[in-house]
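Values in this document were obtained by computation on a predicted structure and should not be read as measured data. Both ligands and their constituent atoms are indexed starting at 1 by order of listing.
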Amino acid sequence: MTTPPIDLRSDTVTQPTDPMRAAMMAAPLGDDVLGDDPTVNALQDKIASLLGKEAALFVPSGTMANQLAIRAQTSPGDQIIAHALSHVYEHETGAAAALSGCSFALMHTPRGLFEPDDIDPLIRPHDHHYAQSRMLVVENTMNGGGGVVWQMDQLRAVTERARKRGLIRHLDGARLFNACVAGGYAPADAAQYFDTISVCFSKGLGAPVGSALIGNTETIDRARHFRKMFGGAMRQAGILAAAAIYALDNNIDRLAQDHAAARTIAQLVNDLPAFEIDLPAVQTNMFYASITDPSLAASSVVGALEREDVLILDTAPSQIRAVFHLGVDAAHTDVIARAFRTALA
Ligand SMILES: Cc1ncc(COP(=O)(O)O)c(C=O)c1O
């Protein structure tokens with residue numbers, strides 16, 4: 001049997017482990033559209049309480065969680081303030097416009113982080129000529145910025161300004177647990193500053209499918225209506241919710257290992273002549289490397305690494321990304337290091 005490649009394309013590639021599969025098989029199930037899947041209900045209660053909020057809704061994907069937050073809390077014509085690198089703007093197929101009729105006002109600050117004063121100029125005056133500024137989206141960790149972590153005082157400052165200016169605050173917390181482990185804060189500490197939060201179970205936490213939208217009861221009831229409209233209401237979804245419960249119980253603390261592996265390999269790749277990495281931005285489970293040799297295309301680096309059984313993504317013509325997760329164990333570090341050296345040679 002050949003060994004499978006080491007897959008660093010994303011933390012979404014993980015396979016459920018044997019104990020996670022056992023938890024899925026053992027889960028009591030019901031019809032979640034009728035509201036009686038006990039495992040889905042248990043997951044929703046668990047994640048709402050972990051984030052210190054009233055209610056939660058289990059949904060198929062992070063994209064759906066973000067888009068429900070937008071649909072449930074905006075009206076057509078509203079404007080959303082977000083970073084130009086944010087997932088909700090850049091990687092969700094223009095869904096905010098298509099599904100909610102919203103446009104964006106964008107920030108272009110380094111690493112996807114910003115300050116309260118960066119928000120103000122994007123807020124439209126209350127005047128009938130303008131779109132109404134309705135929502136601020138913060139992403140933590142900030143994938144497009146290299147997986148960087150928002151510190152608690154930064155979160156407090158930007159959300160406080162947004163609140164004063166009358167904006168709804170949504171946190172795209174697809175990797176909130178990575179942020180918490182790296183930033184040394186509890187999920188509820190970060191969540192307290194937001195009206196709604198989306199989290200993903202299928203990224204660093206290692207579940208095969210699923211995300212949640214968390215907020216107050218009224219907003220989550222509205223989101224449930226739109227989940228049905230968007231085709232995201234599932235039936236015996238407890239089989240998936242069981243994996244998410246297992247992930248919350250077992251896979252949070254171990255995220256620190258992924259962060260350490262990302263740092264080790266990033267340092268090593270940064271030492272190779274053709275690559276440059278913003279090392280201080282390597283704060284969680286990923287790194288982006290710029291290729292400084294103009295004769296070397298990112299796609300060739302991807303191909304050369306693939307021949308060494310290591311899979312990564314080219315995220316721009318001269319940029320690559322590697323993401324670490326529970327499918328990569330400590331013994332892989334040497335293999336990955338060797339693959340990068342050989343591929344470059
Ligand atoms: C920051 C962020 N938000 C949302 C999503 C969307 O998640 P999904 O792929 O489950 O739709 C992703 C996916 O990678 C992400 O990185």
**Prompt:** Roughly how far apart are D195 CG and L171 CG, rounded to 0.5 Å?
**Reply:** 11.0 Å
**Item:** Electrostatic pair D32:R227 at N-O distance under 4.0 angstrom
**Value:** yes
**Item:** Pairwise side-chain contact, T17 with Y246, heavy-atom cut-off 4.5 Å (strictly under)
**Value:** yes
**Identity and separation of the nearest protein heavy atom to atom 4 (C) of ligand 1** = H87 ND1, 3.4 Å
**Request:** Provide the number and element of each atom of ligand 1 under 4.0 Å from a heavy atom of E92.
**Result:** 4 (C)
**Under 3.5 Å: N/O of G62 near N/O of ligand 1** = yes
**Item:** Charged N-O contact under 4.0 Å between D258 and R254
**Value:** yes
**Asked** Counting both backbone and side chain atoms, is some N or O of D172 under 3.5 Å from an N or O of ligand 1?
**Response** yes
**Prompt:** Side chain of S10, backbone of T12: donor and acceptor closer than 3.5 Å?
**Reply:** yes
**Atom indices of ligand 1 within 4.0 angstrom of S61 heavy atoms, with elements** = 10 (O), 11 (O)
**For atom 9 (O) of ligand 1, the protein heavy atom that lies nearest, with its residue and separation** = K203 NZ, 3.8 Å
**Message:** For M286, run the side chain to side chain contact (heavy atoms under 4.5 Å, CB included) check against V148, V323, L8 and tell me which one passes.
**Reply:** V323
**Message:** Is it true that H259 and N178 share a donor-acceptor pair across their side chains at a distance under 3.5 Å?
**Reply:** yes
**Prompt:** Contact between H91 and ligand 1, counting heavy atoms under 4.0 Å?
**Reply:** no
**Request:** Can you sort out which atoms of ligand 1 are near N143, meaning under 4.0 Å from one of its heavy atoms?
**Result:** 16 (O)
**Request:** Check ligand 1 against T63 and write out every atom of the ligand that is under 4.0 Å from a heavy-atom position of the residue.
**Result:** 6 (C), 7 (O), 8 (P), 11 (O)
**Message:** Under a 4.0 angstrom heavy-atom cut-off, which atoms of ligand 1 come close to A174?
**Reply:** 1 (C), 2 (C), 3 (N), 4 (C), 15 (C)
**Request:** Pick one of side chain, backbone, both or neither for how N66 approaches ligand 1, counting any non-hydrogen atom pair under 4.0 Å.
**Result:** side chain
**Prompt:** Under 4.0 Å from ligand 1, counting heavy atoms only, is it the side chain of R175, its backbone, both or neither?
**Reply:** side chain
**Atom CD of E218: over 12 foreign heavy atoms under 6.0 Å** = no
**Request:** Using distance alone, decide if ligand 1 has a nitrogen or oxygen within less than 3.5 Å of any nitrogen or oxygen in S211.
**Result:** no
**Prompt:** Tell me, which protein residue and heavy-atom name are nearest atom 1 (C) of ligand 1, and how many Å apart are they?
**Reply:** E139 OE2, 3.2 Å
**Request:** Could you say whether the N/O atoms of S202 and ligand 1 ever approach to under 3.5 Å?
**Result:** no
**Straight-line distance of L213 CG to R71 CZ, nearest 0.5 Å** = 14.0 Å
**Message:** When you compare ligand 1 with T141, is there at least one nitrogen or oxygen pair between them that comes in under 3.5 angstrom?
**Reply:** no
**Item:** No-hydrogen, no-angle side-chain donor-acceptor test under 3.5 Å, D314 and S299
**Value:** no
**Heavy atom of M142, distance to ligand 1 below 4.0 Å** = no
**Prompt:** Got a salt bridge between R224 and D221, using NZ or NE/NH1/NH2 to carboxylate O under 4.0 Å?
**Reply:** yes
